[in-house]
There are 2 protein chains.
Amino acid sequence: MKSRPATIRDVARRAKVSVASVSRALNGHKNVRDDTRDRVLQAIDDLHYVPNAAARSLSSSQTRTLGVVLPDLHGEFFSELIRGMDKAASERGYLLLLSTMHADPQLAGQAIAVMRGRVDGLAVMAPQLSRDAIDRLMPEEMPGVQVICQPSKKRPSFIIDNREGAASATRHLLAIGRRRLAHIAGPEGNFDARERRQGFLSAIAAAGAPAPLVGAGDFGEDGGARIVRDWLARGERFDGVMAANDMTAIGALEALRAHGLRVPEDVALIGFDDIPLARHLGLSTVRVPVADIGAAAVERLVAMVTSQEAGATPEVQPLELVLRATTQGRPH
Amino acid sequence: MKSRPATIRDVARRAKVSVASVSRALNGHKNVRDDTRDRVLQAIDDLHYVPNAAARSLSSSQTRTLGVVLPDLHGEFFSELIRGMDKAASERGYLLLLSTMHADPQLAGQAIAVMRGRVDGLAVMAPQLSRDAIDRLMPEEMPGVQVICQPSKKRPSFIIDNREGAASATRHLLAIGRRRLAHIAGPEGNFDARERRQGFLSAIAAAGAPAPLVGAGDFGEDGGARIVRDWLARGERFDGVMAANDMTAIGALEALRAHGLRVPEDVALIGFDDIPLARHLGLSTVRVPVADIGAAAVERLVAMVTSQEAGATPEVQPLELVLRATTQGRPH
DNA sequence: CTGTTAGCGCGTTCAT
DNA sequence: ATGAACGCGCTAACAG
């Protein structure tokens, strides 16, 4: 007996009430007699009735779904962000519709477009897009928040203080006596990468330290390793490296060691993000509370969806300097 | 001018055609004159029309969305699985609706229930649930596949040969001359964990090696470390450890070293999964092609959704032994 | 090739 | 407290 799924009408018939009563009972309205409600519930149970989500959306024009548009993220960063978002969403009865796009702005646009009508709100992370590009892509009429990218004036943004984080990492290098510093930056198109570079440079300037070495990495392990090898091959001298993120730092670490340099004795090294690998490798870094950011963003998004709240003040999550072996004499 | 979104009727009016023609043009039907199609496309562009997904679903009874139900996964395993799935899905015009549930079977049931009517098919990973439990939870009428868990007879399953993987890891330990082996198992309720333990034991038996030590871990770093500390405290002797997964192995590695034991000289160590950490720590392991599994599962699911295909033969993805420093004399 | 129209399943007035 | 009826936006069957 694989009959088609029961509809609200089947339930109404079986409970001997009208569809309106079933709907009311279902949505917990007050004006339903206990007796009626029980009969409805019984019928629902008998028929294994499950409301059709599409019909519900069409008629109520809300989906109880949130769209999440992410760049081509890897590893722990991705999973932590989703974990934070999913937790906040499911606690509030929302589901997450996912779209992991690639760097191309055009794809970003498509990703956002296909979500229209399927979600009540949108959380977008697009560090490679400018503020204006994001503004152009986001549908006017739909609530939206931005996560870890250039803050918008029109939408709440959940960000971190990249400059301060990078500056404090740099000050730490200076504080342990390193003077000839180097920075391996992230992709030029990436907002966070640019901010971190700025933070590094301003800390150097503020301390009156010698002009630093700056190379352009790609947020990846290979990029970090390549830059370091180049420097070393050119005979550059440096005793402290601040990398744009942990993966870059890890690449740098391997290149340094492959060249016979000791870390931290010869060169101190610090990254950014605090991915789990960092802890295991004893890499000093700046911790980004990714899951918290995701949760905060979704929490706010749900508030916007349910109560039309506006407001666009960026919410800045605190960073934390995590000191480990690569900037300390002792092993972790 | 923040008017309500344009509907198909607005488009029809502006293009001076009927809604049916708009629908046909939209869905790429052949029987539309070029002239008509152009006018429709023009109107769509003018009005920034985007079809309402809910209405479309209701009327066509398909959502172009796939549900993904996952356990409380961490790190790279999670992100790789999603990456593989999302790639396969988006290439075919499908979106992923996510639900990360917790171990509780009741929650699993809820997670699946809320997806009814919102997705065309379901991909479920539930290693902590029995075959029967999953069968009971999965809606009869909806296409579904299972990923990395006890294979069902009713649905295609995408699995790995845990026993053979564990056995080959164990044989490798034996082959490099280790005889007093130990196994740190995963949670007893987990299907893959049980299979891996079996694989370990049968390899031991087949080789006629001495009775091994077996401890119950939890797939986590702490569990692995705890078991090793216990063994060491009790004065147990062993020269090779096969851990149920990489995180467990990493915990074991740290406990071993903290106790002054050298790896692999004193104790050889091998894990399972090949998460990125494994490579960085030089941990030997068994590689599970997580992204490929996810992609294959979704690919098959889409086929089932679009063409009612049946079939329930488990698809077994190949594993690969990855040898690194923790089972070899030399560093990686 | 094109237009008219009847549902799809549900929420929600409006009467009663 | 309950029921009848309309409309949400779209697809598809049917007429022309």
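For D/dT11, the OP1/OP2 oxygens have a side-chain nitrogen or oxygen of B/Asn27 closer than 4.0 Å. Distances shown here put a side-chain N or O of A/Ser21 below 4.0 Å from the OP1 or OP2 atom of D/dG3.
For the residue pair A/Arg118 and B/Thr65, a side-chain donor N or O sits within less than 3.5 Å of a side-chain acceptor on the partner.
Checked for salt-bridge contact, B/Arg39 and B/Asp35 meet the test: a charged N lies under 4.0 Å from a carboxylate O. A salt bridge links B/Asp72 with A/Arg83: at least one charged nitrogen is closer than 4.0 Å to a carboxylate oxygen. Salt-bridge check for B/Asp46 with B/Arg14: passed, with a basic side-chain N closer than 4.0 Å to an acidic carboxylate O.
Straight-line distance from the NE2 atom of A/His29 to the P atom of C/dC10: 15 Å, rounded to whole Å. Atoms CG (B/Leu58) and P (D/dA12) sit 12 Å apart, rounded to a whole Å. One interatomic measurement links the two molecules: CZ of B/Arg64 to P of D/dC10, which rounds to 17 Å at whole-angstrom precision. Regarding B/Arg56, its CZ atom lies at a distance of 14 Å from the C1' atom of D/dA12, rounded to whole Å. In this structure, CZ of A/Arg9 is placed 12 Å from P of D/dA4, rounded to the nearest angstrom. The CZ-C1' distance, from A/Arg13 to D/dG3, rounds to 15 Å in whole Å. Separating the NZ atom of A/Lys30 from the C1' atom of D/dA1 is a distance of 14 Å, rounded to the nearest angstrom. When rounded to the nearest whole Å, the span between CG of B/Asn31 and P of D/dA15 equals 17 Å.
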### Test log, rule side-chain hydrogen bond (donor to acceptor under 3.5 Å, both in side chains), inputs B/Gln42 and B/Asp38
CA-CA 6 Å; B/Gln42 181 62 51; B/Asp38 289 347; over 6 Å; no

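Closest-nucleotide positions on DNA chain C for B/Ser60 and A/Ala20 were compared, and the one nearer the 5' end corresponds to B/Ser60.
Proximity note for A/Ser59 (side chain, C-beta onward) versus D/dG9, C/dT2, C/dC10: the nearest is C/dC10. For B/Val32, the listed nucleotide lying nearest its side chain is C/dT2; candidates were D/dT11, C/dT2, D/dG3. For A/Ser18, taking side-chain heavy atoms from C-beta onward, the closest of the listed nucleotides D/dA4, D/dT11, C/dT2 is D/dA4.
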Return the polar atom pairs (N/O with N/O) between nucleotides 14-16 of chain C and the protein under 3.5 Å, or none.
none

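Among the atoms of the strands shown, base atoms are found under 4.0 Å from some heavy atom of B/Val19. Within 4.0 Å (heavy atoms only), A/Ser23 reaches at least one base atom of the nucleic acid.
The only option from B/Met125, B/Arg300, B/Gln146 that meets the side-chain contact (heavy atoms from CB on, under 4.5 Å) definition with B/Phe158 turns out to be B/Arg300. Partner of A/Leu137 under the side-chain contact (heavy atoms from CB on, under 4.5 Å) criterion, chosen from A/Asp132, A/Ile112, A/Val124, A/Leu122: A/Ile112.
Listed by residue number, the members of residues 43-52 of chain A with any heavy atom below 4.0 angstrom from DNA chain C are A/Tyr49, A/Pro51, A/Asn52. Residues of residues 33-41 of chain B that place a heavy atom closer than 4.0 Å to DNA chain C, in numerical order, are B/Arg33, B/Thr36.
In this structure, A/Gln150 and A/Leu129 approach most closely via the heavy-atom pair OE1-O, 4.3 Å. Contact detail for B/Gly67 and B/Val119: the closest heavy-atom pair is N-CG1, 3.5 Å.
To the nearest 0.5 Å, atom CZ of residue A/Arg136 and atom OG of residue A/Ser130 are 6.0 Å apart.
Listed for the A/Asp45 side chain is no donor-acceptor partner under 3.5 Å among the backbone atoms of A/Leu41.
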